[in-house]
Amino acid sequence: MEGFVRGLSLPILLALFTTFLTTNIVAASDEGEQGDDVRLVVFTVASAETDGYKRFMRSMDTYNLKVEVLGMNQEWRGGDIVRYPGGGYKLNLLKVGLEKYKDEEDTIIMFSDSYDVIFTTGQEEIIKKFKAFNASIVFSAENLLWPDQSVRSEYPVIASGYPYLCSGLYIGYAPYVYKAVTYTDIEDEEDDQLHFTKLYLDKQKREEWPIKLDHLATLFQNLNGARDDVKLRFEGRNSLLHNIKFNTVPICIHGNGPSKLHLNQLGNYLVNMWSQDNGCLGCEEDRIRITDLPNDQLPNVMIAIFIIVPTPFIDEFFQKIRALQYPKNKIDLFINNQKMFHYDVAKNFTEQAKKEYRSVQSYIPADGFSEGEARMKAVEHFLGLDCQYYFNVDADVQIVQPYTLKLLIEQNRPILAPLVSRHGKLWTNFWGDLTPDGFYARSEDYLEIVKYKRLGVWNGAHISYIYLIKGDTLREHPPNFVIEGLDPDMAMCRTYREKGVFMYVDNRHDYGHLITTDYYETSHLHSDLWEIYNNRPDWEAKYIHQDYFRQLQDNHEVTQPCPDVYQFPIVTETYAKHLIEEMENYGQWSNGQSEDARLEGGYENVPTRDIHMKQINYEKHWLYFLKEFVAPVAEKVYPGYYSKAYALMNFVVRYRPDEQPTLRPHHDSSTYTINMALNHHNVDYKGGGAHFIRYNCSCIGLPVGYTLMHPGRLTHYHEGLETTWGTRYIMVSFIDP
């Protein structure tokens with residue numbers, strides 16, 4: 001070459017160099033144009049715009065992918081592919097759709113199912129990954145063989161990866177995709193996956209075309225049988241799906257077969273739905289604003305109330321329903337009470353509601369509906385109303401967010417439940433996942449959601465107790481609450497899962513909580529008094545004085561009306577009233593004599609007319625009350641003393657002028673004593689009070705719910721002053737005897 005160049009003249013060299021340069025520029029230009037001219041066309045088949053379809057289209061829009069939808073608003077003729085082989089109808093639709101592309105060698109065709117697929121990137125990455133296969137067509141792969149098990153041995157042996165073809169996702173050059181779809185005729189109800197499986201198992205075609213499977217999930221991730229292979233990965237604003245088995249990041253996620261719930265969970269994060277840096281990015285999408293609308297423009301809502309089991313704090317439940325910040329003339333009520341125990345409370349609410357709400361329909365225990373039948377009756381009633389939303393609230397729910405209805409409506413989801421849970425427990429109205437037989441299973445993110453560590457709106461497997469359903473959703477897909485072998489809530493959720501209707505839960509607000517109804521004692525006049533263990537926060541809200549906890553603050557000085565005698569609020573007037581009524585309902589007051597068979601020794605030195613807590617089966621609960629609410633104050637006002645908060649003598653005393661108006665001077669058999677006022681001085685009685693003789697100091701007219709606390713022995717010799725009119729009730733405990 002060197003000699004050849006030396007022998008050429010300068011003009012010839014310049015001409016050759018120009019020709020070489022031009023040729024290379026054109027070649028580079030042609031190569032670039034060829035890459036730029038390659039286009040991606042995505043096809044899918046869908047007969048209706050389901051929630052899954054909308055999610056699929058959102059992912060396409062996010063990454064600017066154009067998709068041709070086949071079969072929309074047409075009858076599905078591909079058989080029951082959820083339970084049986086089928087889907088040939090998809091290929092027959094695709095044949096028609098591919099006609100205009102079948103000769104375009106630079107067109108890449110991608111087919112994807114829609115109801116159960118999410119795309120996580122755009123065209124450039126898709127084409128890049130596809131070209132790396134050096135194949136004419138690439139099908140997704142999976143662990144499970146479907147539908148013909150007999151062909152297992154015909155599959156090529158691979159060193160690693162998913163071995164079997166899945167027809168839910170595939171990509172290839174247009175002429176080859178067309179040939180793959182049309183290489184043989186297929187009936188609408190025949191199986192599309194078997195159609196492609198036979199093509200792939202044809203060794204000659206597989207090698208000549210060539211046809212490949214995405215064994216390592218480089219492009220496609222089928223979730224069925226691969227749950228443990230994938231893990232969400234959070235990178236700033238992005239949430240990715242990482243195949244940890246093969247160290248790949250697939251771009252199309254397919255919830256094939258029974259893995260649709262898993263896809264729903266992943267869909268809560270992927271495609272800019274949620275990230276660790278920014279939280280719920282998708283929560284504001286499609287949101288509507290009704291907060292500033294005039295009342296007459298707000299949508300009508302039917303609230304369906306169900307009392308299925310005896311339920312604590314039912315009065316408070318109805319109070320919170322009434323307190324919802326939504327115009328009552330826009331609300332229709334449906335009330336089903338199945339328990340006589342709540343008959344009076346439900347009746348009173350219903351009668352008052354008829355004066356306030358747009359309409360009220362109520363059913364009582366005598367109507368004899370089962371729970372499932374009652375819920376079906378509510379749906380039937382809704383369908384006859386002009387309402388845009390159906391709001392189910394079971395009596396187990398205590399709503400503390402007065403704007404709950406507006407917040408749920410604004411989120412604009414087909415079905416949305418506010419997250420509620422039992423106090424201190426992981427029991428909620430939301431299931432993140434299901435077992436194969438349809439019962440509760442914990443999703444990977446369940447704890448983060450129910451502990452409010454991840455805030456958002458979450459697509460889940462099951463909701464219950466309280467939820468909002470759009471009227472359009474309910475009319476198009478009426479729920480079925482009566483399925484043999486299933487509880488009504490499980491029946492409803494299975495109905496919606498099978499229909500592809502997404503059910504969401506919102507944990508971005510403190511909406512309220514669930515009441516624990518287990519072990520509720522209904523044999524009492526005021527059974528809520530006994531709920532100090534099972535539903536303590538509700539018990540405190542109802543029965544502990546609003547100023548009690550201020551007594552425990554370091555900067556607060558507890559009132560001291562007499563030396564070492566302290567006075568402070570501890571219970572509400574409701575507690576005092578209920579305790580009196582429980583005692584009078586029991587009715588077996590002692591006779592005020594020293595002989596007392598209730599005591600171990602049979603003798604009381606300073607007797608009163610009283611009823612012991614033990615007699616109404618309340619002593620255990622009362623001792624717990626002493627430990628939790630009395631002892632902390634005692635330890636504050638008597639520094640250095642640590643109370644065991646134990647008492648043998650706990651009783652309600654009744655003073656009357658014609659029974660026992662006074663109590664003679666005495667010491668108490670206690671380290672310290674509490675004396676709690678249960679009714680109103682100068683209203684329910686006159687006179688009365690405690691006089692501490694050593695200090696010549698009296699405490700008279702203690703407010704209802706307040707208690708006196710004083711030493712019992714040695715220093716605080718005291719007497720009960722005369723009750724001159726009415727009836728005075730006090731609660732007494734001799735603590736740490």
Would you indicate whether Q204, at its atom CD, is surrounded by more than 12 heavy atoms from other residues, nucleotides or ligands within a distance under 6.0 Å?
no
We want to know whether R58 and Y53 form a side-chain donor-acceptor pair, criterion being a heavy-atom distance below 3.5 angstrom.
no
Of R442, R227, R497, the residue whose pairing with D433 passes salt bridge (charged side-chain N to carboxylate O under 4.0 Å, His left out)
R227
Does R508 come within less than 4.0 Å of D506, counting only side-chain N to carboxylate O?
yes
Using 30° and 60° as the class boundaries, would you call the ring planes of W431 and H462 parallel, tilted or perpendicular?
parallel
Nearest 0.5 angstrom please: Y200 OH to I211 CD1, how far?
8.5 Å
Residues 41-49 side chain polar contacts: donor-acceptor under 3.5 Å, at least two apart:
unit_1, atom_1, unit_2, atom_2, d
T44, OG1, S112, O, 2.6
T44, OG1, S114, N, 3.4
S47, OG, Y115, OH, 3.4

R39/E104 salt bridge by N-O under 4.0 Å criterion
yes
Tell me which one of D116, T50, N264 satisfies side-chain hydrogen bond (donor to acceptor under 3.5 Å, both in side chains) with R55.
N264
Do other residues, nucleotides or ligands put more than 12 heavy atoms under 6.0 Å from K198 NZ?
no
For E285, does the CD atom sit with more than 12 other heavy atoms under 6.0 Å from it, leaving out its own atoms?
yes
So, for N268 and M273, which heavy atoms are closest and what is the spacing to 0.1 Å?
O-CB, 3.3 Å
Would you say the rings of Y504 and W458 are close, in the sense that their centroids are separated by under 6.0 Å?
no
